[in-house]
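Take a look at the structure below.
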Amino acid sequence: ASKNGGRNRFSYFTPDLQEAAQARQNMGADLRRAITAGQFEILYQPIVSLHTGAVHKAEALLRWHHPTRGLLGPAEFIPFAESNGMIVDIGDWVFREAARQAHAWQASIDPSFQVNVNKSPVQFRRDADMYDGWLTYLEQLGLPRQSIVIEITESVLMQGAEQVLARLQQYRAMGLQVALDDFGTGYSSLSHLKKFDIDYVKIDQSFVSQLETDDGDLALCEAIIAMAHKLGLKVVAEGVETPGQRQLLAEAGCDYAQGYVFAHPLPAGEFEEMARESRKALA
Ligand code: C2E
Ligand code: MG
Ligand code: MG
Ligand code: MG
């Protein structure tokens, strides 16, 4: 860069950096208030049986109704919450709210209804102190522990296998179920499916989106499904957007799917309506 360009950049950067620092500070203060101010909401995306078309589960997806910035998705605040540790309290709120909702839906939708809760790598490392409180909460609710499915990504499995194994065993001891999220991205080690004690594999959306035109993606989905089934795992396809994708996945023997072809993530009330409707069609 020219001298002049360098100077210009410098003079532009200083206020930007100040703004960025200010924005981070504001974000921190805002986030600290968000839980008590009731600004978080969980949306629920239906997870549908490809065999029956009925809604069996929901994935809990966090949203933040920011007082001035409007509705924020997880990508806009979870990384920040991870960097300053607030993710642990947020995750605690999500877990309890999802459990409360699962309990209500076991009464109104299906007695074996499950809710999936996402857990980031940072949470996975830091929130072991919460486990006892969660067990107590589940007991108070009277919610069977296998009603909660913890979604972790492969990046979790890559960090220090010993510690990860110990944590997964703690979940097991708690009776929670585990899903491997976004499978096929990142390291995608097939040995992960065998080595770690998991219940569900979620095929990443990137393998689903071209299913109708890319034979390679179809072959990959078929292979993942076959292998998972041989290992006794159930398979969920993510990001299913078209009837054609849904059809191909059903033919490949995939157990469950979620995506816009069924529904976007929904407020709890709308979710319940849709799930009950999907079950009427069964009878
Ligand atoms: P994810 O767990 O892989 O969740 C699936 C994402 O795909 C969601 O985005 C969902 O809204 C979106 N999606 C669902 N169906 C379709 C579809 O048919 N097409 C497309 N293009 N997208 C679809 P969302 O809600 O923005 O969440 C993004 C990520 O944020 C999640 O990815 C998850 O990793 C994370 N996340 C969400 N809630 C929580 C939470 O409570 N705690 C933590 N730690 N992470 C969360
Ligand atoms: Mg997920
Ligand atoms: Mg996913
Ligand atoms: Mg994904």
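Whatever order the structure lists them in is the order used to number ligands and atoms, beginning at 1. What you see is a predicted model, and the numbers here were worked out from it, not measured in a lab.
The CD1 atom of I109 sits 10.5 Å away from atom CE of M274, with the distance rounded to the nearest 0.5 Å. Note that CG of L141 is 11.0 Å distant from OG1 of T136, once rounded to the nearest 0.5 Å. Atom CD1 of I42 sits about 11.0 Å away from atom CZ of R63, to the nearest 0.5 Å. From E251, atom CD reaches atom SG of C221 across 13.0 Å, with rounding to the nearest 0.5 Å.
Side-chain contact of Q177 with Q146: a donor-acceptor pair under 3.5 Å is absent, judged by distance alone. Q18 and Q22 share no donor-acceptor pair across their side chains, judged by distance under 3.5 Å alone.
Close approach to S120 involves these atoms of ligand 1, each under 4.0 Å from a residue heavy atom: 44 (N). Atom numbering of ligand 1 starts at 1 in the shown order; those under 4.0 Å from a heavy atom of Q45 are 14 (C), 15 (N). In summary, the atoms of ligand 1 found under 4.0 Å from a heavy atom of Q123, numbered by their order in the structure, are 43 (C), 44 (N). The atoms of ligand 1 that sit less than 4.0 Å from any heavy atom of P74 are 24 (P), 26 (O), 27 (O), 28 (C), 30 (O), 36 (N), 37 (C). Numbered from 1 in the order shown, with element, the atoms of ligand 1 that lie under 4.0 Å from a heavy atom of E59 read 1 (P), 2 (O), 4 (O). Which parts of ligand 1 touch D181 is read off a 4.0 Å heavy-atom cut-off, strictly below it: atoms 1 (P), 2 (O), 3 (O). Heavy-atom contacts of E238 reach the following atoms of ligand 1: 3 (O), 5 (C) (cutoff under 4.0 Å).
Below 3.5 Å of separation, one finds no N or O of G259 facing any N or O of ligand 1. No N or O atom of K119 sits closer than 3.5 Å to an N or O atom of ligand 1.
Using a distance-only test at 3.5 Å, with no hydrogens or angles considered, no donor-acceptor pair links the side chain of D182 to the main chain of D204. Between the side chain of R172 and the backbone N or O of D197, at least one donor-acceptor pair lies under 3.5 Å.
In the candidate list V94, I90, N118, N118 is nearest to atom 46 (C) of ligand 1, counting heavy atoms. Compare F95, W93, F262, Y260 by their heavy atoms: the one nearest to atom 17 (C) of ligand 1 is in Y260. Proximity annotation for atom 19 (N) of ligand 1: of E241, Q258, Q205, E241 comes nearest, heavy atoms only.
Residue pairs meeting the salt bridge (charged side-chain N to carboxylate O under 4.0 Å, His left out) criterion with at least one partner in residues 92-102, sequence neighbours excluded, are D92-R96, E97-R100. For residues 210-224, no pair satisfies salt bridge (charged side-chain N to carboxylate O under 4.0 Å, His left out), with sequence neighbours left out. Pairs passing the ring-ring contact (aromatic ring centres under 6.0 Å, His included) check and including a residue from residues 212-257, sequence neighbours excluded, read H56-Y256.
Atom CZ of R167 has more than 12 heavy atoms from other residues, nucleotides or ligands within 6.0 Å.
Looking at E151 and K202, a side-chain N of the basic residue comes within less than 4.0 Å of a carboxylate O on the acidic one, giving a salt bridge.
The proximity of V261 to ligand 1, defined as any non-hydrogen pair under 4.0 Å, does not occur for either the backbone or the side chain. Heavy atoms of I78 found under 4.0 angstrom from ligand 1 belong exclusively to the side chain. In E82, neither the side chain nor the backbone holds a heavy atom less than 4.0 Å from any atom of ligand 1.
Shown are the protein N/O/S atoms under 2.8 Å from the Mg ion (ligand 2), given by residue and atom: E59 OE2, N118 OD1, E151 OE1, D181 OD2.
Between G73 and ligand 1 there is no heavy-atom distance shorter than 4.0 Å. Contact analysis puts G239 in contact with ligand 1, with a non-hydrogen atom separation below 4.0 angstrom.
Between F207 and F183, the distance separating the two ring centers is not shorter than 6.0 angstrom.
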